[in-house]
Amino acid sequence: MKIATWNVNSIRTRQDHVLTWLKSQDIDVLCLQETKVVDESFPRSPFEELGYHLYISGQKAYNGVAIFSRQPLEWVNGGFTPILEPDQVGEFDAQKRAIAGVIDNICIVNLYIPNGSCVGSEKYEYKLEWLALLRDYLDKMLAQFPDLCVCGDFNIAPEDRDIHDPKKRETHIMSSDAEREALRAIADLGLADAFRQFTQDGGHYSWWDYRAGSFPRNRGWRIDHHYLSASLYKRAIACTIDREPRTRPKPSDHAPVILEIE
DNA sequence: ATGGCGACAGGATGTCGA
């Protein structure tokens with residue numbers, strides 16, 4: 001089974017990119033982030049005609065997540081509630097950043113983790129609070145679903161080898177100590193980065209800034225991940241970044257990442 | 001050292017992204 005994750009930066013703008021890519025691949029489950037559209041306006045039919053079942057949680061202009069699956073999902077839930085109590089979640093489900101579903105006893109959690117803007121900003125504090133809530137949510141999910149795949153746009157580069165230039169990384173969003181520690185606390189629940197099971201060297205990125213020719217110079221960041229519970233980690237046979245869609249005209253700034261499990 | 005690009009809402013330009 002192949003489970004892919006892709007921040008498409010608007011599904012309406014990237015509809016043809018995603019269709020072309022799905023036709024060229026053999027993807028069972030595709031997790032999308034930054035769909036940027038309310039559910040009523042999501043372009044469902046072209047993907048349904050390809051044979052996918054769609055599960056979407058969107059909002060106007062910002063954020064938004066979706067799961068496309070060849071097989072129907074057996075259990076679907078958007079946001080942190082009701083896994084976490086409404087009192088604990090508060091307003092954190094207002095931004096549509098999480099959707100989960102189960103297929104073949106594998107629970108797939110699709111995340112669009114907040115960007116955080118600048119280290120020390122209000123949005124940065126929101127990101128850290130969101131990550132703390134995510135930890136509690138995943139703790140409960142792991143108890144319920146031992147075969148857990150947590151994937152999406154994490155907006156965190158876990159290590160210096162995941163950044164083209166780690167200088168000043170401590171003061172840069174996506175690589176500060178507090179962000180990495182929050183991600184480590186999540187991994188410590190029993191989740192591991194699938195990509196690093198297969199590839200040790202640097203230079204592999206999933207996001208490149210639109211500006212300053214970042215992509216042709218390969219000045220990127222690896223911020224899109226699959227974190228797997230122990231049982232699934234053992235079943236992983238490949239995890240690769242497909243740079244091809246990023247080379248096309250008017251691309252998303254992210255490339256898709258594909259996990260294969262047996 | 002700095003700025004650079006792109007999508008969205010709405011109808012110019014500000015906000016957000018990473």
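Scope of the values below: all heavy atoms of this structure, side chains included, with no hydrogens, waters or symmetry mates. Chain identifiers are assigned alphabetically (A, B, ...) following the order of the sequence lines, protein sequences preceding nucleic acid strands; residue numbering begins at 1 within each chain. The shown structure was predicted, so the numbers you read here are calculated from the model rather than taken from an experiment.
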Mark up nucleotides 5-12 of chain B, 5' to 3', with B wherever a protein heavy atom is under 4.0 angstrom from a base atom, S wherever such an atom reaches only the sugar-phosphate, and - elsewhere.
BSSSS---
Between [N] ([atom2]) and [X] ([atom1]): distance, integer Å:
X: A/Asp253; N: B/dC16; atom1: CG; atom2: P; value: 17 Å
X: A/Arg219; N: B/dG4; atom1: CZ; atom2: C1'; value: 12 Å
X: A/Phe154; N: B/dG17; atom1: CZ; atom2: P; value: 18 Å
X: A/His254; N: B/dG17; atom1: NE2; atom2: P; value: 11 Å
X: A/Lys168; N: B/dA1; atom1: NZ; atom2: P; value: 5 Å
X: A/Asn63; N: B/dG17; atom1: CG; atom2: C1'; value: 10 Å
X: A/Glu34; N: B/dT15; atom1: CD; atom2: C1'; value: 13 Å

Considering only the [atom1] atoms, how many Å lie between [N] and [M], rounded to the nearest integer?
N: B/dG11; M: B/dT15; atom1: C1'; value: 16 Å
N: B/dC5; M: B/dG10; atom1: P; value: 26 Å
N: B/dT2; M: B/dG6; atom1: P; value: 23 Å
N: B/dG4; M: B/dA9; atom1: P; value: 25 Å
N: B/dG17; M: B/dA12; atom1: P; value: 25 Å

Do A/Asp201 and A/Arg161 meet the salt-bridge criterion of a basic N to acidic O distance under 4.0 Å?
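No, no charged N to carboxylate O under 4.0 Å.
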[Y] and [X] side chains, donor-acceptor separation under 3.5 Å:
X: A/Asp153; Y: A/Trp6; value: no
X: A/Arg14; Y: A/Asn7; value: no
X: A/Trp207; Y: A/Asn155; value: no

Would you give me the side-chain donor-acceptor pairs under 3.5 Å for residues 92-101 of chain A, sequence neighbours excluded?
| from | atom 1 | to | atom 2 | distance (Å) |
| --- | --- | --- | --- | --- |
| A/Asp93 | OD1 | A/Phe80 | N | 2.8 |
| A/Asp93 | OD2 | A/Phe80 | N | 3.2 |
| A/Asp93 | OD2 | A/Thr81 | N | 3.1 |
| A/Asp93 | OD2 | A/Thr81 | OG1 | 2.8 |
| A/Gln95 | OE1 | A/Arg97 | NE | 2.7 |
| A/Gln95 | OE1 | A/Arg97 | NH2 | 2.8 |
| A/Lys96 | NZ | A/Asp93 | O | 3.4 |
| A/Arg97 | NH1 | A/Tyr112 | O | 3.1 |
| A/Arg97 | NH2 | A/Asn63 | OD1 | 3.2 |

Does anything in residues 115-128 of chain A pair up under salt bridge (Lys or Arg N to Asp or Glu O under 4.0 Å), and if so which pairs, sequence neighbours excluded?
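Pairs touching residues 115-128 of chain A that pass the test: A/Lys127-A/Glu179.
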Need to verify one output field. Residue with the more 5' nearest nucleotide on DNA chain B, A/His172 or A/Ser214?
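By nearest-heavy-atom nucleotide position, the 5'-most residue is A/Ser214.
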For A/Phe195 versus A/Cys239, what's the shortest heavy-atom pair and its separation?
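Distance-wise, the nearest heavy atoms are CD1-O, 3.6 Å.
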Using a 4.0 Å heavy-atom cut-off, does A/Tyr112 contact any base of the nucleic acid, only the sugar-phosphate backbone, or nothing at all?
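Counting heavy atoms under 4.0 Å across all strands, the contact made by A/Tyr112 is with sugar-phosphate only.
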